[in-house]
Amino acid sequence: MQIHSDDASSLLDRLVAAELPKQRGLAAWAALLQAHATLMRRLESDLERETGLALADFDVLAQLTRAGGELRMTELAARALISRSGMTRRVARLTDEGLVRRADADADGRGVVVALTDAGVDRLTETAPVHARGISKLFVEQLNDHELAVLERALGKVIIDCSFG
């Protein structure tokens with residue numbers, strides 16, 4: 001079945017209206033998606049351009065730092081909001097670069113712990129100010145204190161468990 005463009009648009013409108021009467025919240029949802037996508041792309045490109053480090057790699061180093069220097073692989077993946085298999089590949093690359101090291105967590109070798117190396121701490125020390133400046137310029141400076149507080153409270157209400165398998 002082929003749908004003409006006018007019919008497709010009308011179909012989507014009807015399907016959405018059934019779940020979101022009067023499109024309540026749809027504009028806010030679209031703004032959230034667009035803001036997230038554009039901010040993340042800009043933060044990623046700025047960090048990579050200025051430091052050569054990918055934003056996802058920075059996040060791994062930051063998560064390890066926040067945890068006191070090491071985490072089990074599963075916990076690291078959960079905190080960084082990526083799958084365990086994706087984290088395994090990322091950690092392998094960061095290990096090759098000397099920024100983290102892997103070790104068996106248990107005597108039976110079933111768990112893996114990822115730990116920052118001195119080189120990883122040095123890399124984080126170099127990149128964190130660049131990333132923080134980007135957050136400040138692109139996000140924080142665009143909003144007043146009241147808007148920041150309202151946004152934090154509102155988004156806090158919709159945060160869900162995003163554990164990846």
Side-chain angles (χ1 to χ4, degrees), residues 25 27-165:
W29 175 249
L32 174 66
L33 292 178
Q34 186 172 10
H36 178 267
T38 57
L39 287 168
M40 296 308 289
R41 276 195 302 262
R42 181 72 181 272
L43 289 168
E44 169 79 35
S45 66
D46 289 354
L47 187 68
E48 186 122 22
R49 185 184 70 253
E50 292 183 42
T51 70
L53 188 69
L55 184 58
D57 292 343
F58 170 83
D59 188 34
V60 169
L61 300 179
Q63 295 300 335
L64 290 170
T65 300
R66 287 187 181 107
E70 68 178 38
L71 283 168
R72 292 180 71 96
M73 182 76 78
T74 53
E75 177 66 16
L76 180 57
R79 288 183 183 210
L81 302 176
I82 66 172
S83 69
R84 285 188 296 257
S85 62
M87 181 57 72
T88 298
R89 289 187 298 274
R90 184 162 302 285
V91 166
R93 197 174 62 259
L94 291 171
T95 299
D96 290 345
E97 294 175 23
L99 303 179
V100 301
R101 69 177 183 287
R102 296 170 48 126
D104 290 338
D106 303 320
D108 63 8
R110 288 187 306 179
V112 174
V113 170
V114 180
L116 275 173
T117 63
D118 290 342
V121 172
D122 292 345
R123 193 75 163 109
L124 183 72
T125 301
E126 168 196 341
T127 56
V130 172
H131 184 58
R133 274 193 303 275
I135 293 169
S136 178
K137 175 184 168 191
L138 299 171
F139 181 72
V140 176
E141 292 176 13
Q142 306 306 311
L143 304 167
N144 65 38
D145 289 344
H146 176 73
E147 290 168 327
L148 289 169
V150 168
L151 186 58
E152 181 180 358
R153 276 193 311 277
L155 292 176
K157 291 180 179 182
V158 297
I159 293 173
I160 59 172
D161 178 15
C162 285
S163 300
F164 291 88

Salt bridge (Lys or Arg N to Asp or Glu O under 4.0 Å): pairs with one or both residues in residues 63-72, sequence neighbours excluded:
R72-D106
Donor-acceptor under 3.5 Å (T51 side chain, E48 main chain):
no
Knowing that exactly one of L151, V158, L155 qualifies, which makes a side chain to side chain contact (heavy atoms under 4.5 Å, CB included) with L32?
L155
Between the CZ atom in F58 and the OG1 atom in T65, the distance rounded to the nearest 0.5 Å is 8.0 Å
Look up atom CD in E50 and atom CZ in R133, then write down how far apart they are to the nearest 0.5 Å.
6.5 Å
Under a 4.0 Å N-O cut-off, is there an ion pair linking R93 with D96?
no
Please determine whether a side-chain nitrogen of the Lys or Arg among E126 and R123 lies less than 4.0 Å from a carboxylate oxygen of the Asp or Glu.
yes
Between V100 and V91, the two heavy atoms sitting closest are CG2-O, 3.9 Å
Measure the shortest side-chain to side-chain distance between V112 and R84 over non-hydrogen atoms and say whether it is less than 4.5 angstrom.
no
Exactly one of V114, V113, D59 should register a side chain to side chain contact (heavy atoms under 4.5 Å, CB included) with L76. Which one does?
V114
Does some side-chain heavy atom of T74 sit less than 4.5 Å from a side-chain heavy atom of M87?
no
Hey, what do you get for OG1 (T127) to CG (D57), rounding to the nearest 0.5 Å?
9.5 Å
side-chain contact (heavy atoms from CB on, under 4.5 Å) for L61 and L53? Distances and angles first, verdict last.
CA-CA 11 Å; L61 300 179; L53 188 69; 4.1 Å; yes
How about D145: does its CG atom have over 12 heavy atoms from other parts shown lying under 6.0 Å from it?
no
With rounding to the nearest 0.5 angstrom, report the CG to OG1 distance, L33 to T38.
10.5 Å
What distance separates L55 CG from L47 CG, expressed to the nearest 0.5 Å?
6.0 Å
Kindly give the heavy-atom pair with the smallest separation between L138 and R42, and that separation in Å.
CD1-CG, 3.2 Å
Give, for atom OG1 of T117 and atom CG of L99, the distance between the pair rounded to the nearest 0.5 Å.
5.5 Å
Tightest non-hydrogen contact, residues G98 and A119, listed as O-CB, 3.5 Å
Is it the case that over 12 heavy atoms from other parts of the model lie below 6.0 angstrom from the CD atom of E147?
yes
What's the verdict on side-chain contact (heavy atoms from CB on, under 4.5 Å) for V140 and L148, showing C-alpha distance, side-chain angles and the deciding distance?
CA-CA 8 Å; V140 176; L148 289 169; 4.1 Å; yes
